[in-house]
Amino acid sequence: MPLHLLPSRVVVVADNKILGIDRATGEELWTLPATGPRCSDDGARLTCVSGHGQDARILLVDPLAGAAGAVPMPGVAQALTDGDDLVILTQVAAEYRVSRLDGAVMALARMQGSGPGVSSTGGPTASVPDWAADPTWLTSLEPGVSDWPPTIALFGTEVMVSVPREADGPSGSAIANLEGHILDVATGDLIEDTSRAEPGGLESGWLVERAQGGLALYSPGRGPVSLGQGQQFLQVDDDPASPIAIRTVESAPVPDGQGNAPPVSEMVATSSETGEVLWSRPDEWAVARLDGHVLTTTGTSLVGVDETSGAERWTLGRENGIWCPCVGGGHVLAGFAMNFERPDAEQAGPAPTLVGIDVRTGDLVWWLPSDGWWVQVVLDGDRMYAITQADQSSISAWDVG
């Protein structure tokens, strides 16, 4: 259930609808019906694909009013805005097609009404208008795994396409690897094929391994950030280009004498310039880097480690530790605590809770009651928006500054 932060609105994308919520009050202002919507935004407008196969159509949504213009587009899987134009990804039996539709955004905007609702050229059987059937360019790509859809993103002048393709796993079983294609947004020309292009989650960033430049993190509103040699991608990292590279290394499983062979893991810090090992910590995995500290987990506890020396500063057990997805800013890491003992009289015993931890000391900075598992969170300055999942999904906003 993704959410999008847009001017004055939080837009929540559910399985069968799109909801517009007032960012200040939490009031639901409009709802649009949609079938399995896949949405993107450019900071001001929301572009969605609703339906599948022959029933698919593209919606351009005004987030303030909830007014949407729609056009049928059989086979379309995703759509992005680029100024007044659309870049779309279409799935057909033999190939994936990426194409550009000049003027499509303006055409859809002219179809929008003055209030909530979808204005369309017709139902799913309506014909595709001429402007939508005549792309400026069209580039064909080899298809991937049929039940794992491809994804696209636009960063500057480049369209990135991530395609899951079948590969041989370590034991001979088939696995899906994410492979990437990078196209010129103006011409559709293939700039580069990449060995790895992973769509991001919480911050809509992409991890891309380019032939020239190595591993880079692409995210909206800024240029790509190159990760240093040996640096693992961390979900929260305020210094991804640090001269100290952090990664988790797994070695061959070691039998424990009881028929089990758990993998052996070690967190290693190296110089990103020379590759020299600076320090290591066995049986720990890196979770985050924030304010000069590396946060690790042993599987049962959260550990705060000095980035420079590798010295342990503090440890939180399962009852107080946090689990990701997580976010961070300044010296506070926020995540989900499953067994937190809330310091309020109304709550007896452990309960799921959103907590903020000071990475310097491990001390609790704040806590927020949760009605379920934290599935997505977005920070906007000192305000945090969270979607939680229990019997049903819910969204909440908190001021945590």
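Quantities reported herein were computed from a predicted structural model and do not represent experimental measurements.
Between D134 atom CG and D102 atom CG the span is 9.5 Å, to the nearest 0.5 Å. One finds the CG atom of L80 at 11.0 Å from the CZ atom of R100 (value rounded to the nearest 0.5 Å). Rounded to the nearest 0.5 angstrom, D42 CG and T47 OG1 are separated by 6.5 Å. Note: L290 CG to D237 CG = 8.5 Å, rounded to the nearest 0.5 Å. Going from atom OG1 of T139 over to atom CG of L89 covers 11.5 Å, rounded to the nearest 0.5 Å. A distance of 8.5 Å separates OG1 in T297 from CD in E284, rounded to the nearest 0.5 Å.
Looking only at side-chain heavy atoms (C-beta outward), T296 and V294 come within less than 4.5 Å of each other. Contact of the L5 side chain with the Y385 side chain is registered, since non-hydrogen atoms from C-beta on lie closer than 4.5 Å. Within the 4.5 Å cutoff, side-chain heavy atoms of M160 are placed close to those of W206. Side-chain contact between V98 and L183: present, with at least one pair of heavy atoms (C-beta onward) separated by less than 4.5 Å. Within the 4.5 Å cutoff, no side-chain heavy atoms of V287 are placed close to those of W285. For the pair V118/L59, a side-chain contact is recorded, criterion being any heavy-atom separation below 4.5 Å from C-beta on. In this structure, V208 and I182 have side chains that are in contact, with non-hydrogen atoms separated by less than 4.5 Å. Here the side chains of R281 and V268 are not in contact, with every heavy-atom distance at 4.5 Å or above.
Minimum heavy-atom separation, R9 to L64: NH2-O, 3.2 Å. Of all heavy-atom pairs spanning D85 and G103, the tightest one is OD1-N, 2.7 Å. For V128 against A133, the heavy-atom pair with the smallest separation is CG1-N, 4.0 Å. In terms of heavy-atom proximity, A288 sits nearest to L333 at CB-CD1, 4.1 Å. Residue P7 comes nearest to A44 through the heavy atom pair CD-CA, 4.1 Å, listed as atom of the first residue, atom of the second, then distance. Considering every non-hydrogen atom in both P74 and Q54, the closest pair reads CB-OE1, 3.6 Å.
Looking at R383, its side chain does come within 3.5 Å of a backbone N or O of R23 through a donor-acceptor pair. Counting only distance, with no hydrogens or angles, the side chain of W279 and the backbone of E307 share a donor-acceptor pair below 3.5 Å. Under the 3.5 Å distance criterion, the side-chain polar atoms of W366 are left unmatched by any main-chain donor or acceptor of I357. Put simply, the side chain of R38 gets close to the backbone of G36: a donor and an acceptor are under 3.5 Å apart. Formation of a donor-acceptor pair under 3.5 Å by the T361 side chain with backbone atoms of D363 is found in this model. In terms of modelled atom types and a separation under 3.5 Å, the side chain of S40 and the main chain of A79 share a donor-acceptor contact. Side-chain atoms of R196 do not come within 3.5 Å of backbone N or O of E179 as any donor-acceptor pair. The main-chain N or O of P63 is found under 3.5 Å from a side-chain atom of W30 such that the two form a donor-acceptor pair. Proximity of a side-chain donor or acceptor of S50 to a complementary backbone N or O of T35 within less than 3.5 Å is detected. Judged by distance alone, the side chain of E192 and the main-chain N or O of A211 form a donor-acceptor pair under 3.5 Å.
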* Asked: Going through the distances and angles, do L29 and I21 end up as a side-chain contact (heavy atoms from CB on, under 4.5 Å)?
  -> CA-CA 6 Å; L29 300 177; I21 297 170; over 6 Å; no
* From CA spacing to verdict: side-chain hydrogen bond (donor to acceptor under 3.5 Å, both in side chains), E95, S140 -> CA-CA 6 Å; E95 62 185 9; S140 297; 3.2 Å; yes
* **Verdict with supporting geometry, V355 and L364, side-chain contact (heavy atoms from CB on, under 4.5 Å)** => CA-CA 7 Å; V355 298; L364 178 70; 3.9 Å; yes
* **side-chain contact (heavy atoms from CB on, under 4.5 Å) between C39 and I18, intermediate numbers included** => CA-CA 9 Å; C39 298; I18 305 167; 4.1 Å; yes
* To do: List the steps, then state whether side-chain contact (heavy atoms from CB on, under 4.5 Å) holds for H331 with H293.
  => CA-CA 9 Å; H331 57 268; H293 292 75; over 6 Å; no
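Ionic pairing of E158 and R210 is present here: one or more N-O contacts between side-chain nitrogen and carboxylate oxygen are shorter than 4.0 angstrom. The existence of a salt bridge linking R57 and D55 is excluded, since no basic side-chain nitrogen approaches an acidic carboxylate oxygen closer than 4.0 Å.
When each of M111, R110, M106 is tested with L108 by the rule side-chain contact (heavy atoms from CB on, under 4.5 Å), just one qualifies, namely M111.
A donor and an acceptor atom, one from each side chain of E276 and T270, are nowhere located under 3.5 Å apart. With 3.5 Å as the limit, one finds no donor-acceptor pair spanning the side chains of S272 and Q229. With 3.5 Å as the limit, one finds no donor-acceptor pair spanning the side chains of R289 and Q232.
Aromatic ring orientation, F155 versus Y218: tilted (interplanar angle from 30° to 60°).
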